[in-house]
There are 2 protein chains.
Amino acid sequence: MAELSERQKQIIEAAIELISEKSIQGLTIKNLAKKIELTEGAIYRHFDSKVDILLTILFSFQDEAKKMLNDFCVADISALQLIENLFQHHFEYFAKKPAVASVIFSESIFQNDNRLVVEVLKILDLHEQALACIIKKGKQTNEIKSTIAEKELVRIIIGSIRYTVTKWRLSGYDFDLRKEGKLMLESIKELLKP
Amino acid sequence: MAELSERQKQIIEAAIELISEKSIQGLTIKNLAKKIELTEGAIYRHFDSKVDILLTILFSFQDEAKKMLNDFCVADISALQLIENLFQHHFEYFAKKPAVASVIFSESIFQNDNRLVVEVLKILDLHEQALACIIKKGKQTNEIKSTIAEKELVRIIIGSIRYTVTKWRLSGYDFDLRKEGKLMLESIKELLKP
DNA sequence: ACTCCATGTAAATGAATACTTACAAAATAC
DNA sequence: GTATTTTGTAAGTATTCATTTACATGGAGT
C-alpha cells in the first residue's frame, strides 16, 4: 500500500472518528467533509471513492494487527499468558476504539462490495493464525488440553470475544467491557486446562 | 402483536426472501413491490413503514424461537443431548434460512432505530435463557463442569455458533455449515465435560 | 513574470430511497 | 342496488447520497 499524505491521514482519522461516533452509517462524504472543514469535492482529490476510504481504513487495521500479532507467538512466554495478553489487549482496544469493532463487525454492510469482505476476512485470518500458533504451543507444553482440534478452539475463543463485544455494542456500551472481558478470559482459561 | 392479514403475511414472506437473496440491503420497498407484483403504494396500505416490516419480521423470529425453545429445557433429556439438539437445530435452521442470520447479524444496520435493536436483543435473550437452563441442569446432573459461571458458558457457546455462521456468510456460503456445526458441537461437548 | 500542477470550491448531476397524494376500482355492507 | 370501506395504481415529493464538473487560487519551479 502506498504511503498516505498528511491530508489522507487526516481524512482517514476523521472517518474512523465518524464511525466511532455514529457507527458505519455515519460515514458519509458530507459528514466527512464537514468534520475536517473541507468541501465534498476536496475529499475526492485525495481518494477515488468512498470504498477506497473504507479499504484504506481496513488496511490500517491490518497493519496494526500485524504489528501486534507478529511476535506474539514467538515470545518466550507461556501459552496461557499469551492468551491472557491477547484478551487484555483486545478488550482494551475495542473499549478504546469502538470504531474498529464497528467496522470489523459490519460485514453485512460490506456484502455489496467483495473487496471489503476480502479485507475483513484477512483481518480475521491474522487473528486466527496468531491464536492457532498459541494453542499449538500450549498443547505441546501441556498447558492446553489436546483433545480438541485447533480450528475449533480458535473459533470458540474468537467467537466468545466477538459475542461479548457485540452485546456490549447492542447494549449501548452500558457495561464495563474490560471487566466482562476479564471474566470471559478466566472462563476460557479454565476450559482450556488439560 | 395483532394477527396478520394474508397480504401482510405475503409481504413478510417476500421480505424475508429478499433478505435471503441479497442480504438486508436488498430489502427495499421497490424490490418488495416488484416481488409480489404490487405497486409501492400498495405496500403502505398494509404496513406503516419499512421499520414496521422489519419489526414484524423480528416478531415472527421471536415467535419461532419461543415455540422452539419453550419446552426445550423441561424435557426429560440429558443436558448434553439438549445441547446437541440445540446445535443441530440452529445450524440446520441457518443453513435453510440464511435470512434469519442476515437479520439477526445485522445489528450494525439497526443502530439508527433503537426499537429494532431492542427486538434483536430479545431474540438473543431467549436463546441465552434456554441455554442457561440447560447448563444449570447439566451442572446438577454432573454432565457439565461446574467450575465455570453459567453466563460465560452461555456466551462461549452462542459466540461459537455465531462466529461459525459469520465465517460461513463471509465466505459466500462456500462450506458445509452443518458439517462445521457438527465439529463445533463435538468440541463444545468435550470442553463442557467435568 | 510566467507556467503548471496540486488543491480547493460551489454547484450540479443522477441515482436510490422511503413515503405521499389524488384518484380508481373492487369488494362489502346495508 | 346504492353507499362505504378496502385495496389498488400512477405519478409524484422530498431527501440523501456518492460522484462530477467548471472554475478559482496559491505555491513551486523555471
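Here is how names work: the chains are called A, B, and so on, in the same order as the sequence lines, proteins then strands, and each is numbered from 1.
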task = Output all residues satisfying side chain to side chain contact (heavy atoms under 4.5 Å, CB included) with T141(A), sequence neighbours left out; order by chain, then residue number.
result =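 Checked T141(A) against side chain to side chain contact (heavy atoms under 4.5 Å, CB included); matches are E143(A).
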
Figure out the [atom1]/[atom2] separation between [X] and [N], and round it to whole Å.
X	N	atom1	atom2	value
I53(B)	dT17(C)	CD1	P	14 Å
E6(A)	dA6(C)	CD	C1'	16 Å
E37(B)	dT7(D)	CD	P	19 Å
F47(A)	dT20(D)	CZ	P	16 Å

ask   = Q81(B): what forms a side-chain hydrogen bond (donor to acceptor under 3.5 Å, both in side chains) with it, not counting sequence neighbours?
value =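 Only N85(B) meet the side-chain hydrogen bond (donor to acceptor under 3.5 Å, both in side chains) criterion with Q81(B).
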
key: Set of ring-ring contact (aromatic ring centres under 6.0 Å, His included) partners for F87(B), sequence neighbours left out   =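 For F87(B), the residues satisfying ring-ring contact (aromatic ring centres under 6.0 Å, His included) (neighbours in sequence not counted) are F91(B).
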
message = Is there a side-chain contact between R7(A) and the phosphate of dG8(C), meaning an N or O under 4.0 Å from OP1 or OP2?
response =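 Yes, because at least one side-chain N or O of R7(A) sits under 4.0 Å from OP1 or OP2 of dG8(C).
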
message = Please determine whether a side-chain nitrogen or oxygen atom of H46(B) lies at a distance below 4.0 Å from atom OP1 or OP2 of dG8(D).
response =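 For dG8(D), OP1/OP2 do have a side-chain N/O of H46(B) under 4.0 Å.
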
key: side-chain hydrogen bond (donor to acceptor under 3.5 Å, both in side chains) contacts in which one or both residues fall within residues 33-45 of chain A, not counting sequence neighbours   =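 For residues 33-45 of chain A: E21(A)-K35(A).
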
task = Keeping to residues at least two apart or across chains, list the disulfide (SG to SG under 2.5 Å) pairs with something in residues 124-167 of chain B.
result =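 Qualifying pairs: C73(B)-C133(B).
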
Would you list the protein and nucleotides 14-18 of chain D atom pairs, both N or O, that sit under 3.5 Å from each other?
unit_1	atom_1	unit_2	atom_2	d
dA18(D)	OP1	K50(A)	NZ	2.7
dA18(D)	OP2	I29(A)	N	2.8

Residues in salt bridge (charged side-chain N to carboxylate O under 4.0 Å, His left out) contact with D176(A), at least two apart in sequence or another chain =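 Scan of D176(A) (salt bridge (charged side-chain N to carboxylate O under 4.0 Å, His left out), adjacent residues dropped) gives none.
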
Of all pairs that satisfy ring pair (Phe, Tyr, Trp, His ring centres under 6.0 Å), the ones with a partner from residues 123-163 of chain A, not counting sequence neighbours =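 Passing the test, one end in residues 123-163 of chain A: H90(A)-H127(A).
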
Could you list all N or O pairs between the protein and nucleotides 21-28 of chain D that sit under 3.5 Å apart?
none

Residue pair A95(A) / L177(A): nearest heavy atoms and the distance that separates them =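 Minimum heavy-atom separation between A95(A) and L177(A): N-CD2, 3.9 Å.
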
